[in-house]
Amino acid sequence: MPYDFDLFVIGGGSGGVRCARIAATLGAKVAVAEERFWGGTCVNVGCVPKKLLVMAAEYGHHAADARGFGWDVEATKHDWNMLIGAKNTEINRLNSIYTKLLTGAGCTVFEARATFIDAHTLQVGDQKITAERIVIAAGGRPTAPEFPGAEHCIVSDDAFYLPERPKRIALLGGGYIAVEFAGIFAGLGCHVDLIMRQTLPLRGFDEDLREGLADALKANGVHLHGGNAVTSVTAEGEVKTVHLSDGTSIETDMVFAALGRSPYTKGLGLEAAGVAMTKSGAVHVNDQSATNVANIYAIGDITDRLNLTPVAIAEGHSLAEALYGNGPRKWDLHRVATAVFSIPPIATVGLTEAQAAEQGPSDIYVSRFTPMRHSLTGRGRKTLMKLIVDQATQKVIGAHMLGEDAPEIIQGLSIAINAGATKGDFDRTVGIHPTAAEEFVTMRTRTRVVGE
Ligand code: NDP
């Protein structure tokens, strides 16, 4: 064989590992290089540890709520170091599972940085390695803020390893990460300021969800500062001051910038291989994850398509099957369900009301209620459920939920919606009682019509 490997994958995150493992199982000679941590962002500084921290925050609420059910408990103090230690143990366990998955499938692993020398040659640590095909799966990194005083801010990578929990924290941004960490820190007892340039969080999500989330954040004690840009951050000793475009300022102990993530292309040597980039700095690929260079592919966040772990996995799996199997498995990447692990969480699949209105007449069904648990806890927490139905076909084209267990419920609904279920199919389905989920099959009265 003229090359050291059939396939070399740069990056041991969710997408890269899946691609490498499937390619090796299909008979290719595969290597993977990872310079930082196996499992990538999701396992180490993303989805997995984030959800553990959300659970930690929720336990405080559960302990307080238990009093409504007769329990004499009080959550008085939280041990941040204990939580981070337990989280680190779990993450280390997952790291080793990822390497075992790779070596078990017959892949060669390099704990080193890989950079392109040319289209078939990589510098991997101190070795030069050649491969017939190369997959770039190096992921993304938090976008660093650019205002004066940006050096006083932390980003999400840091938040998982703080030596102690701040008493006060200011979160910048109104996206996934900002609202998830607002829930975490508020739940653990911090004073939280959330500063965003939109008036509501989660631009692009359904407006009813955005409004419901803003109310939920406030109910959790988060101080919202919408419609505001940060002009600078100054520091005096341990105290930081965030200066806002409306002329006001906020004093805090820690400033956490969650202003998006950027493809991690820096220093990969893409120009040496002739790989073309998009205007936004991502690796440019077609629908088959192929770059402009015949033997080079890219998957996951480095391509800045739909930056979600299961999407990177689907892209990696499909690519491996396309290259070494009998053609790629089909995934539906047009209507991907997504969740935001705010407290309570949001989950959504399909079109928002605004998107549906642009497409044509749609029936909107909305339901708001107090979940059963909170009829006894006194916690003023509401659940919101919403269905969007295309009037002409009666197909359900969007389902949205803000409330406890929303991601678990919407996962099931997304199968029905991707399979083309109509409102009639929903109505014919007998609910499971008493659950919140049954509301999705008992919404009979249309709330409004849009797009006429
Ligand atoms: P998002 O893209 O979700 O949100 C970025 C936020 O920062 C937006 O509110 C945006 O405002 C704001 N922003 C960007 N630039 C500026 C600026 N210069 N000044 C002021 N505000 C600014 O990014 P996140 O960092 O929250 O998350 C990154 C990505 O990671 C997500 O998009 C998602 O793909 C993924 N992720 C997924 C999770 C999940 O599935 N649960 C959890 C966490 C992350 P505006 O809306 O006005 O542009």
Side-chain angles (χ1 to χ4, degrees), residues 47 50-51 53-66 68-69 174-184 186-187 194 200-202 204-222 224 336-353 364-389 396 398-417 426 429 431-445 447-448:
C47 332
K50 176 273 308 289
K51 193 158 175 191
L53 299 194
V54 170
M55 287 170 176
E58 283 177 326
Y59 270 106
H61 298 161
H62 293 330
D65 290 350
F69 291 84
Y176 281 80
I177 295 178
V179 299
E180 290 180 342
F181 274 94
I184 291 168
L194 181 66
L200 290 172
L202 295 182
F205 281 67
D206 188 88
E207 286 297 302
D208 280 332
L209 286 185
R210 298 179 71 197
E211 283 168 16
L213 177 63
D215 291 342
L217 285 163
K218 286 184 219 155
N220 284 342
V222 175
L224 298 186
V336 175
T338 182
V340 185
F341 292 91
S342 46
I343 298 178
I346 277 179
T348 179
V349 59
L351 301 188
T352 64
E353 180 175 331
I364 309 295
Y365 297 80
V366 184
S367 175
R368 288 184 181 83
F369 56 93
T370 300
M372 191 176 178
R373 176 191 304 281
H374 296 303
S375 56
L376 296 199
T377 65
R379 188 178 285 280
R381 190 176 281 180
K382 290 269 184 275
T383 290
L384 169 78
M385 289 180 174
K386 183 163 176 177
L387 285 179
I388 319 264
V389 181
V396 179
H400 309 277
M401 177 172 174
L402 164 75
E404 287 159 16
D405 301 323
E408 307 292 343
I409 293 169
I410 292 288
Q411 177 68 87
L413 281 196
S414 71
I415 304 172
I417 290 174
F426 275 59
T429 303
I432 302 173
H433 188 72
T435 62
E438 69 180 314
E439 189 69 15
F440 272 122
V441 293
T442 53
M443 285 197 236
R444 293 286 183 271
T445 313
T447 309
R448 57 186 169 265

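These values consider heavy atoms only, across backbone and side chains, with no hydrogens, waters or symmetry-generated copies. Counting begins at 1 with the first residue of the sequence.
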CG (L213) and CG (L384) are apart, to the nearest 0.5 Å, by 10.5 Å
Here the pair of heavy atoms bringing I343 nearest to G183 is CD1-O, 3.6 Å
**Asked** Is any side-chain N of the basic residue among D208 and R448 closer than 4.0 Å to the acidic one's carboxylate O?
**Response** yes
OG1 of T383 to CG of L402, rounded to nearest 0.5 Å, is 7.0 Å
* Asked: Heavy-atom distance under 4.5 Å between the side chains of V396 and I388, does that happen here?
  -> no
Looking only at heavy atoms, the pair that brings P345 and A406 closest together is O-CB, 3.7 Å
**Q.** Flag side-chain contact, heavy atom, 4.5 Å: Y365 against M385
**A.** no
Between L200 and E211, is there a side-chain heavy-atom distance shorter than 4.5 Å?
yes
To the nearest 0.5 Å, atom CE of M55 lies from atom NZ of K51 at 4.5 Å
Here the gap from T352 atom OG1 to K386 atom NZ, rounded to the nearest 0.5 Å, amounts to 7.5 Å
- Task: Would you check if the side chain of R444 reaches a backbone N or O of V441 as a donor-acceptor pair within less than 3.5 Å?
- Result: yes
Smallest heavy-atom separation, I417 atom then F426 atom, equals CG1-CZ, 4.2 Å
Output for pair (D405 CG, I410 CD1), nearest 0.5 Å, gives 11.5 Å
Distance col, row T348:OG1 vs L413:CG, nearest 0.5 angstrom, shows 11.0 Å
Any chance OH of Y59 has more than 12 other-residue heavy atoms, nucleotides or ligands included, within less than 6.0 Å?
no
Is the shortest side-chain heavy-atom distance between K382 and T370 below 4.5 Å?
yes
Original post:
Should we say atom CD of E438 is surrounded by more than 12 heavy atoms from elsewhere, each under 6.0 Å from it?
Top reply: yes
Is any side-chain heavy atom of T435 less than 4.5 Å from a side-chain heavy atom of I409?
no
**Request:** For R373, look at atom CZ and say whether over 12 heavy atoms of other residues, nucleotides or ligands are found less than 6.0 Å away.
**Result:** no
**Study point:** Main-chain N/O of L351 paired with H400 side-chain donor or acceptor, under 3.5 Å
**Key:** yes
Mark yes or no for whether R210, through its side chain, and L202, through its backbone, hold a donor-acceptor pair below 3.5 Å. yes
Residue set satisfying salt bridge (Lys or Arg N to Asp or Glu O under 4.0 Å) with E58, at least two apart, ordered chain then number -> none
Shortest non-hydrogen pair, R379 vs A64, comes out as NH2-CB, 4.0 Å
*Within the distance-only criterion (no hydrogens, no angle test), does the side chain of T447 pair as donor or acceptor with the backbone N or O of V366 below 3.5 angstrom?*
yes
| query | Can you check whether V222 reaches L224 side chain to side chain, under 4.5 Å on heavy atoms? | reply | yes
Note to self: What I'd like to find out is whether the side chain of L53 reaches to under 4.5 Å of the side chain of F181, using heavy atoms alone.
What the structure shows: yes
Side chains of Y176 and F205, heavy atoms from C-beta outward: is any pair under 4.5 Å? yes
